[in-house]
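So that the names make sense, note that chain A is the first sequence line, chain B the second, and so on, each numbered from 1. We use all heavy atoms of the structure for the numbers below, so side chains are in, but hydrogens, waters and symmetry mates are not.
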There are 2 protein chains.
Amino acid sequence: MSKPAARDRLADAAFALFDERGYEQTTIDDIAERAGVGRTTFFRHYRSKEEVIFPNHDRLLELIRHRLATSSHGTALVAVSDAVRLVLLHYIDEGDLARRRYALTSKVAALRDREIASVARYQRLFREFISDWMGDPTTESASLRAELMAAAVVAAHNHVLRRWLRGESADPVAEVDEAMREVLDLFPGPRSRPGTGDGGSTVVAFRTRQDLDALLPSLRRLIEEGPE
Amino acid sequence: MSKPAARDRLADAAFALFDERGYEQTTIDDIAERAGVGRTTFFRHYRSKEEVIFPNHDRLLELIRHRLATSSHGTALVAVSDAVRLVLLHYIDEGDLARRRYALTSKVAALRDREIASVARYQRLFREFISDWMGDPTTESASLRAELMAAAVVAAHNHVLRRWLRGESADPVAEVDEAMREVLDLFPGPRSRPGTGDGGSTVVAFRTRQDLDALLPSLRRLIEEGPE
DNA sequence: CCCACCGTTGGTACTGAGTACCGTCATTAC
DNA sequence: GTAATGACGGTACTCAGTACCAACGGTGGG
């Protein structure tokens, strides 16, 4: 029974020591000693000191990749939303562990950097997927839009995740769905080319019950494309 | 004359060795030896091995912070665009050095992570600035919008910067201005608070040679504050 | 029952980054 | 001339991470 426990005992010992003395003040020898194993065994289970805190990142990446891969052109945006929800649920499943990690990354700069780097990895997945989905990879503006969209998607996820980690969110799944809706609303279909006008604007008088923001796209389209 | 050269000689030696043997295969002793100084002197000039490649990040952060700080409420978006342009110009000024760094960060994972982490630092600056500018920090949706906008701004910058680094852009400054325009187009101005009035909008007729973006703030203020 | 073969473990030794400290030397100030 | 300052080099140390090896313990075949 002590066989499968070794890995977990190491993680427990690590988190306990990090809480007691802080991350930098804890050596791997300390962790191994408290877990009752040799130093070598530590590195057999975790590639580095940081990996005790961020395990199975690769699995998470694979989860995202898989969800994105199983989608057709028409369901691409659904796949993106699903993948984001998947990541969020992954953290929620971790529960207290995720919160302890958050406490650590908030304090230790090296860990924060590590976290950011791994977030960038799945932002890259989203970017490539969205870029492929948009097609027309020769178009420079499509490339930029894919980048912007991926950045927004990941930012939205992180925003909701952090709120939940801080205990500010009672229903993070609903929030992330709402946030994703907001993100996707930002990106309309293929943009019409700018610069087809004199730069001036003609605004006609009207009254509407719509919010200004809601009708801005139409306004803009009118200006850019002309009233043809 | 060999006095001020020490720091530069170290950087030259480092980059040369990184090119010859690769980053991980180069020890700090190697660098110090080729530069003709002691190992101690290396650490006196650079806090770490990575810092030879990413010097004066702090200065760049300070540059951004300063540009953002010297702006009023009305010129906030101009300040953001300026700050982004500032960062881009910083890299362009570095010229070949920036490209050599890019070649390294493309190959070495540790350096890529480091780069990403420092990008996150100025994304944070933008986020805080935009969040302050949007005001009403209690509103959850404003917070998300600030996060999305900061992410998009930084993504746009990175996109153009990487294009330039790869030699795909002849006029990166024009490109970043265009990209920033596209980003800001994505985001309609600060949401008018719901529940004030009936949510409808009254738009009066006028004609101007100003771009729509330029007069949007006035438009918005009229709507939000009323024509008092 | 013995032995050959595993996989897991712990120990030792090494490299290399980063830190702390100290003695030396040159420049400048007085 | 001398004292103070500051840049430099050297030594010694801690700690993360790697490589290697020797000692187990079980398992299966003979």
Visitor: Is the shortest side-chain N to carboxylate O distance from B/R85 to B/D177 below 4.0 Å?
Guide: yes
Visitor: How long is the line joining CD of A/E51 and P of D/dT18, in whole Å?
Guide: 11 Å
Visitor: Rounding to an integer number of Å, can you tell me how far A/D29 CG sits from D/dT18 C1'?
Guide: 15 Å
Visitor: Please work out whether the ring planes of B/F54 and B/H57 are parallel, tilted or perpendicular, with thresholds of 30° and 60°.
Guide: parallel
Visitor: For A/Q25 and for A/R47, locate the closest nucleotide of DNA chain D by heavy-atom distance; then report the residue assigned to the nucleotide nearer the 5' terminus.
Guide: A/Q25
Visitor: Rounded to the Å, how far apart are B/K49 NZ and C/dT19 P?
Guide: 15 Å
Visitor: By a strict heavy-atom criterion of less than 4.0 Å, which residues belonging to residues 100-114 of chain A are in contact with DNA chain C?
Guide: none
Visitor: Is a donor on one side and an acceptor on the other found under 3.5 Å between the side chain of A/R67 and the backbone of A/T70?
Guide: yes
Visitor: Is a side-chain donor-acceptor pair under 3.5 Å present for A/Y102 with A/R162?
Guide: no
Visitor: Does OP1 or OP2 of C/dT8 have a side-chain N or O of A/H45 closer than 4.0 Å?
Guide: no
Visitor: With the side chain of B/I28 defined as its heavy atoms from C-beta on, choose the nearest nucleotide among C/dG18, C/dG11, D/dA16.
Guide: C/dG18
Visitor: Base, sugar-phosphate alone, or nothing: which one does A/T27 contact when heavy atoms must sit under 4.0 Å apart?
Guide: sugar-phosphate
Visitor: Whole angstroms only, please: what is the CZ-P distance between B/F42 and D/dC8?
Guide: 14 Å
Visitor: In whole angstrom, give the distance that lies between atom CZ of A/F43 and atom P of D/dT18.
Guide: 7 Å
Visitor: Among D/dG10, C/dG11, D/dC8, which nucleotide has an atom closest to any side-chain atom of B/T40?
Guide: D/dG10
Visitor: Under 3.5 Å, is there a donor-acceptor pair linking the side chains of B/H159 and A/E140?
Guide: yes
Visitor: For the residue pair A/K107 and A/F18, would you count it as a cation-pi contact if the rule is NZ or CZ under 6.0 angstrom from the ring centre and within 45 degrees of the ring axis?
Guide: no
Visitor: Atom CZ of A/R39 to atom C1' of D/dC21: distance rounded to whole Å?
Guide: 16 Å
Visitor: Do A/R44 and C/dG10 share a donor-acceptor pair, side chain to base, under 3.5 Å?
Guide: yes
Visitor: D/dC15 P sits how many Å from A/E50 CD, rounded?
Guide: 17 Å
Visitor: Angle class for the B/H73/B/W133 ring planes (parallel below 30°, perpendicular above 60°, tilted otherwise)?
Guide: tilted
Visitor: Whole-Å distance between D/dC15 C1' and A/E33 CD?
Guide: 15 Å
